[in-house]
Each structure stands twice: as structure tokens, then as C-alpha cells.
Amino acid sequence: MGRNFVGAERDQLFLLPPDARQWLPERHLAWAVLEQAGQMDLGPFLSWYRADGQGRPAYHPRLMVTLIMYCYCKGIRSSRAVEMATFDDVGARVICGNLHPDHATIARFVTRHEQPVKGLLVASLTACAREGLVSVEVVAGDGTKVKASASMAANAAAERLEIEIGELEALLAAEVDGWLAQARAADAAEDALFGGGTGRAPAAGRARWPG
């Protein structure tokens, strides 16, 4: 008898339009990030965009922030890697609704809104940890350990829980600073390697960049 293998039928067509959301398990990180994104205050971002509807359409700030949050949590930091994730990472595809912001748009967005992005990252990661949706062991890129996630035993005293939340926020703030530095360094290295640039240089004034 010959060997029995299961092959990949790459030419097989879908009988119905695929829904990428069905490919993610219920407690996937993408769902947690999307839930937090729905509670964001987008005021600091929206003020950069024209209110008269003129000009080239931009990617919505909620999409951009959610994509960045998701990718950074997974250790995907360079703008080119984030762009590629919108093609080959199911969670990123769900977040973007199969749109694909290019790496220059992603880099400009992070540069322009670095402080609001940092604040939302810390707040959202803390909230996810509080609900047990994200563990610090997952998001701390240097392997830093804490005693427990913020959703520790239900009988923990309230004051102790607040102490742990404060410790977690401080840890995540330092970690996110590192993430942003990694992203800048990775973009600079890739710009030198591939050319073309990512638009990381700060723009003069308050120009309304597309994206």
C-alpha cells in the first residue's frame, strides 16, 4: 500500500463567500482588542482630520489604533511587518475588514499620535488583563513576570487589587515605551535596507496627512 497523506487543495474555491471572523476562536486576542477599541476616546486623533469631508479619504483612527495595538501585542513592531500582517494574519484581517494600510501610512500615524497611542495601549492592555483576556507574560516582550494577571483570584481584597493594577500599569507603560522604540529602530533599519522610507520624520506644523 502507498503512503496515505492529506494534501493541501490550494485550488479549491469557496462555495460561499468566506467570513474571516469564523476563523478566530472566541477568546482570540483580536476580539479583546476590538472590544477595547470600541470604548476609545478618539478625540485626540480626530482633531487631525478635516471635518468638511474634503480631500482623500483616510483610514479611520479606530482601525489604525486597533491594528497597531493588536500587532504590537504580538511582537509585530515594524511598519512593514504590520502591513504584511493585514495580509497573512487572520486577526489583523478581521480588524481591518480586509483593508491593507501601507507601511508609510502606519508609520506616520504612530509618529503623529505617539502619546495618544501609548496611552490607549497601556489603558487597553490593563483592561484586557483585568478581564483575564491578556496575560502580562504574553505582552511583556522581555519576559518580565509579575505575580499574577490583574484578574487574579476573585477573593482578592479590593485595595490589594488596585495595588496590582497600579503595578501592572507601570510595567505596561515601560513596556510600551520599549515597543515604540523598537518600532522606530525597525523602521529605520528597513528604510536603510529597502529604501522608500516610512514617513517617520515628523511633519512640520499640523498638516493633514492621508491615512
Side-chain angles (χ1 to χ4, degrees), residues 17-21 24 28-125 127-128 176-177 179-192 194-211:
D19 184 346
R21 293 173 297 181
L24 292 181
H28 194 277
L29 176 63
W31 298 131
V33 173
L34 281 166
E35 180 179 352
Q36 291 302 314
Q39 304 171 26
M40 293 175 182
D41 175 12
L42 298 180
F45 302 94
L46 293 175
S47 62
W48 276 85
Y49 298 89
R50 293 180 57 156
D52 59 9
Q54 300 298 309
R56 197 176 84 186
Y59 292 104
H60 198 286
R62 194 181 307 279
L63 181 155
M64 297 295 292
V65 173
T66 309
L67 174 64
I68 291 162
M69 288 168 52
Y70 173 77
C71 288
Y72 280 23
C73 284
K74 293 191 67 176
I76 302 169
R77 306 284 158 70
S78 84
S79 299
R80 287 178 174 84
V82 174
E83 178 185 353
M84 286 308 302
T86 68
F87 291 95
D88 57 28
D89 184 291
V90 176
R93 292 191 74 110
V94 168
I95 287 169
C96 292
N98 286 317
L99 297 176
H100 307 286
D102 65 85
H103 64 273
T105 297
I106 293 165
R108 285 197 300 264
F109 185 89
V110 175
T111 298
R112 182 192 312 145
H113 302 296
E114 182 168 322
Q115 289 309 308
V117 166
K118 177 184 173 182
L120 287 175
L121 274 167
V122 174
S124 297
L125 290 171
C128 287
V176 168
D177 277 335
W179 292 358
L180 293 169
Q182 289 171 15
R184 287 191 294 270
D187 281 348
E190 290 177 357
D191 286 350
F194 301 115
T198 56
R200 277 285 187 182
R206 289 173 57 83
R208 268 56 172 180
W209 291 91

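What you see is a predicted model; the values in this text were computed from it and never measured.
- To the nearest 0.5 Å, the span separating CG on D187 from CD1 on I106 amounts to 9.0 Å.
- Rounded to the nearest 0.5 angstrom, T66 OG1 and L120 CG are separated by 9.0 Å.
- Salt bridge status for D102 with R108: absent, with no side-chain N to carboxylate O gap under 4.0 Å.
- For the residue pair T86 and R93, the shortest heavy atom distance occurs at O-CG, 3.1 Å.
- In this structure, CG in L180 is found 7.5 Å from NZ in K118, a value given to the nearest 0.5 Å.
- The line from NE2 of H103 to CG of D191 is 6.5 Å long, rounded to the nearest 0.5 Å.
- One finds the OG atom of S47 at 10.5 Å from the CG atom of L42 (value rounded to the nearest 0.5 Å).
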* Which is it for F109 and V65 under the side-chain contact (heavy atoms from CB on, under 4.5 Å) test, yes or no, and what are the steps along the way? -> CA-CA 9 Å; F109 185 89; V65 173; 3.7 Å; yes

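- Residues passing the ring-ring contact (aromatic ring centres under 6.0 Å, His included) test with H100 are F87, sequence neighbours excluded.
- Annotation: side chain of M84 is not in contact with side chain of I76 (no heavy-atom distance under 4.5 Å).
- In this structure, the side chains of F45 and V117 come closer than 4.5 Å at one or more pairs of heavy atoms.
- Atom CZ in R21 sits 6.5 Å away from atom CH2 in W31 (nearest 0.5 Å).
- For L63 against P101, the heavy-atom pair with the smallest separation is CD2-CG, 4.1 Å.
- Side-chain contact check for V110 versus S79: every heavy-atom pair is 4.5 Å or farther apart.
- Closest heavy-atom contact between Y49 and A58: CE2-CB, 3.7 Å.
- The two residues D89 and G91 come nearest to each other via the heavy atoms OD1-N, 2.9 Å.
- Checked by atom type and distance alone, the side chain of R62 pairs as donor or acceptor with a backbone atom of A37 at under 3.5 Å.
- With a 4.5 Å cut-off on side-chain heavy atoms, M64 and T105 count as touching.
- Shown here for A183 and Y72, the closest heavy-atom pair between the two residues is CB-OH, 3.3 Å.
- Here the closest heavy-atom approach between residue E190 and residue S78 is recorded as OE2-OG, 3.1 Å.
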